[in-house]
Undergrad: 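Structure incoming, see below.
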Amino acid sequence: METRGDAGPQQARDTAEFIAAMRGLKERAGLTYRQLEERAAEHGEVLPRSTLADVLRGRTLPRPELLAAFVRACGDGERAAEWLAARDDLGRGKVAEGISASGSESGSGSVSPGRGVRLRARVLGVPVLPAAVVLVALLTAAVWALVPSRDDGDRSGTGGEGAAATDARSLLPRGRTQIRPALTNGLCLTDGYGSGYESLVAVQRPCDEVAPQETTLVPLGGNTFRIRWYHPDHGPGCLTALAEGPGVGLLEPWDDCGRTTPFRIEPAGADGSRRYSLRVDGRGCVAIRDAATSEGAEAVVEPCRPKDSQVFVIRSAP
């Protein structure tokens, strides 16, 4: 039986299935992102590995020139025209014509309230938001950065945070930020697909593959922050620690930042070390699942313990 990852481009009914077919082609080629980039360069083509990695995570259809370079680098150049034709059909909406008419029905059973339009679009495989939604999201993001919500305060021990919390706030970046798991070298907390969960969640991946997504910390008062992601294709979203369902404990980006999780950021090392713990009041601390050091390992909320898998280096992004 043919799996979705092995399906050809003409069988793809939407963007998600087309990207799955691309991932299947890469797997069959057995090449790394770097090797694909080098193969393309040998033929005078440009195939940036960071851009390709972003595409293969299922975000949006690739540009035609990138798709053609990818297919040829994978050794499937004789079918490049077939891949491009399938991509053009999807781009013109010829394949999944029923999505817009049935979108609300399809999304109602698969997305929890509060995740917002952007995540419903990801589940359905729709790559582009309506312009009005993007505008509202950007305006909302500006408000989050300036005005704390009524329920945004640090609910646990605001009177006892002391000088350590003040020092932590003064050291935390004010602009683009990297959150690096302390157990790894060269990996950052960013989005990806976890095992057995349908939507994007926080995982650790190579820091040089994070762009163009940006991470910022939105202050809420005291030593409490929201972790905000922004991607030019999908707009802003903030991390929420899922409290129920199949993804319980995972960190998922939601459009409605006002309903997402405040994280209490506390020093977890010597002064100036920029090592911190990310605490969710009443639930525990953010950790890398099973203290894994491999790419793609998920961030989860677990009981707080003095261990390095719950420590993150937070610093300004280069």
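Sequential numbering from 1 along the given sequence is applied to the chain's residues.
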Undergrad: Considering the options E45, E42, E65, E78, which one meets the salt bridge (charged side-chain N to carboxylate O under 4.0 Å, His left out) requirement together with R72?
TA: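 Filter result, single survivor: E45.
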
Undergrad: Is there a side-chain contact between P9 and R87 in this structure, where contact means two heavy atoms from C-beta onward sitting under 4.5 Å apart?
TA: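 P9 vs R87: side chains apart.
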
Undergrad: Check whether any side-chain N or O of E302 sits under 3.5 Å from a backbone N or O of R283 as a donor-acceptor pair, and report yes or no.
TA: no

Undergrad: Determine whether V280 and V311 fall in the same hydrophobic cluster, where Ile, Leu, Val, Met, Phe, Trp and Tyr are linked whenever their side-chain heavy atoms lie under 4.5 Å apart.
TA: no

Undergrad: Check residues 235-247 and write down every donor-acceptor pair under 3.5 Å in which the side-chain atom is one partner and the other belongs to a residue at least two apart or another chain.
TA:
residue: T240; atom: OG1; partner: T261; partner atom: OG1; Å: 3.2

Undergrad: Backbone N or O of A292 within a donor-acceptor pair of the D290 side chain at under 3.5 Å?
TA: no

Undergrad: Please tell me if the side chains of H231 and P212 come closer than 4.5 Å, counting only heavy atoms from C-beta onward.
TA: yes

Undergrad: So if you build clusters from Ile, Leu, Val, Met, Phe, Trp, Tyr with side-chain heavy-atom gaps below 4.5 Å, do L183 and V210 land together?
TA: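 In one cluster: no.
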
Undergrad: Which heavy atom of S294 sits nearest a heavy atom of Q204, and at what distance?
TA: O-NE2, 2.9 Å

Undergrad: Applying disulfide (SG to SG under 2.5 Å), which residue pairs with at least one partner in residues 259-318 are found, sequence neighbours left out?
TA: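 Found C285-C304.
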
Undergrad: Using every non-hydrogen atom in the two residues, find where A12 and L90 come nearest and quote the distance to one decimal.
TA: O-CD2, 4.2 Å

Undergrad: Is there a path from V313 to L187 through hydrophobic residues (I, L, V, M, F, W, Y) whose side chains come within less than 4.5 Å of each other?
TA: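 Different clusters: V313 never reaches L187 through Ile, Leu, Val, Met, Phe, Trp or Tyr contacts under 4.5 Å.
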
Undergrad: Working note: R180 + C207, criterion side-chain contact (heavy atoms from CB on, under 4.5 Å); need CA distance, chi angles, decisive distance, verdict.
TA: CA-CA 8 Å; R180 292 178 172 241; C207 296; 3.6 Å; yes

Undergrad: When F225 is tested against each of L220, V218, L217 for side-chain contact (heavy atoms from CB on, under 4.5 Å), which residue passes?
TA: L217

Undergrad: Taking the side chain as every heavy atom from C-beta outward, state whether I265 and L278 have any pair of such atoms under 4.5 Å apart.
TA: yes

Undergrad: Within the distance-only criterion (no hydrogens, no angle test), does the side chain of R275 pair as donor or acceptor with the backbone N or O of G269 below 3.5 angstrom?
TA: no

Undergrad: Between K26 and D76, does a salt bridge (Lys or Arg N to Asp or Glu O under 4.0 Å) hold up when you go through it step by step?
TA: CA-CA 10 Å; K26 178 182 179 295; D76 201 25; over 6 Å; no

Undergrad: Between F18 and W83 (judged by ring centroids, cut-off 6.0 Å), do the two rings come close enough to count as a pair?
TA: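 That pair passes the under 6.0 Å test.
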
Undergrad: Does the pair R279 and E266 meet the rule for a salt bridge (Lys or Arg N to Asp or Glu O under 4.0 Å), with working shown?
TA: CA-CA 8 Å; R279 295 174 177 262; E266 297 185 342; 2.9 Å; yes

Undergrad: Quick one: does R226's side chain have a donor or acceptor within less than 3.5 Å of a partner on P219's backbone?
TA: no

Undergrad: Can you name the closest pair of heavy atoms from L67 and P62 and give their distance?
TA: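 Smallest heavy-atom distance, with atoms named: CB-CG, 3.9 Å.
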
Undergrad: Taking the side chain as every heavy atom from C-beta outward, state whether V203 and Y193 have any pair of such atoms under 4.5 Å apart.
TA: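 They are not in side-chain contact.
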
Undergrad: Between L36 and C74, is a side-chain contact (heavy atoms from CB on, under 4.5 Å) present by the stated rule, with each step listed?
TA: CA-CA 7 Å; L36 289 170; C74 286; 3.7 Å; yes

Undergrad: Going through the distances and angles, do R274 and I314 end up as a side-chain contact (heavy atoms from CB on, under 4.5 Å)?
TA: CA-CA 6 Å; R274 302 189 185 276; I314 302 178; 5.8 Å; no

Undergrad: Do M22 and V55 come close enough that some side-chain heavy atom pair is under 4.5 Å?
TA: yes

Undergrad: Measuring only between side-chain heavy atoms, which start at C-beta, is F70 closer than 4.5 Å to L52?
TA: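 In short, these two side chains touch, coming nearer than 4.5 Å.
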
Undergrad: Would you indicate whether the side-chain heavy atoms of V201 and S199 approach each other to under 4.5 Å?
TA: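 The answer is no; the side chains never approach within 4.5 Å.
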
Undergrad: Under the criterion side-chain contact (heavy atoms from CB on, under 4.5 Å), I'd like the reasoning laid out for D281 against R264: C-alpha separation, chi angles, the key distance, then a yes or no.
TA: CA-CA 7 Å; D281 288 338; R264 194 151 47 90; 2.8 Å; yes

Undergrad: Hey, mind stepping through Q213 and T190 against side chain to side chain donor-acceptor pair (under 3.5 Å) and telling me if it holds?
TA: CA-CA 8 Å; Q213 180 176 284; T190 186; 2.7 Å; yes

Undergrad: With a 4.0 Å cut-off, would you call R289 and E298 a salt bridge?
TA: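 Result for this pair is yes, salt bridge flagged.
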
Undergrad: Is Q35 close to Y33 at the side-chain level, that is, under 4.5 Å between some pair of heavy atoms?
TA: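 A side-chain contact is absent here, since even the closest heavy-atom pair is not under 4.5 Å.
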
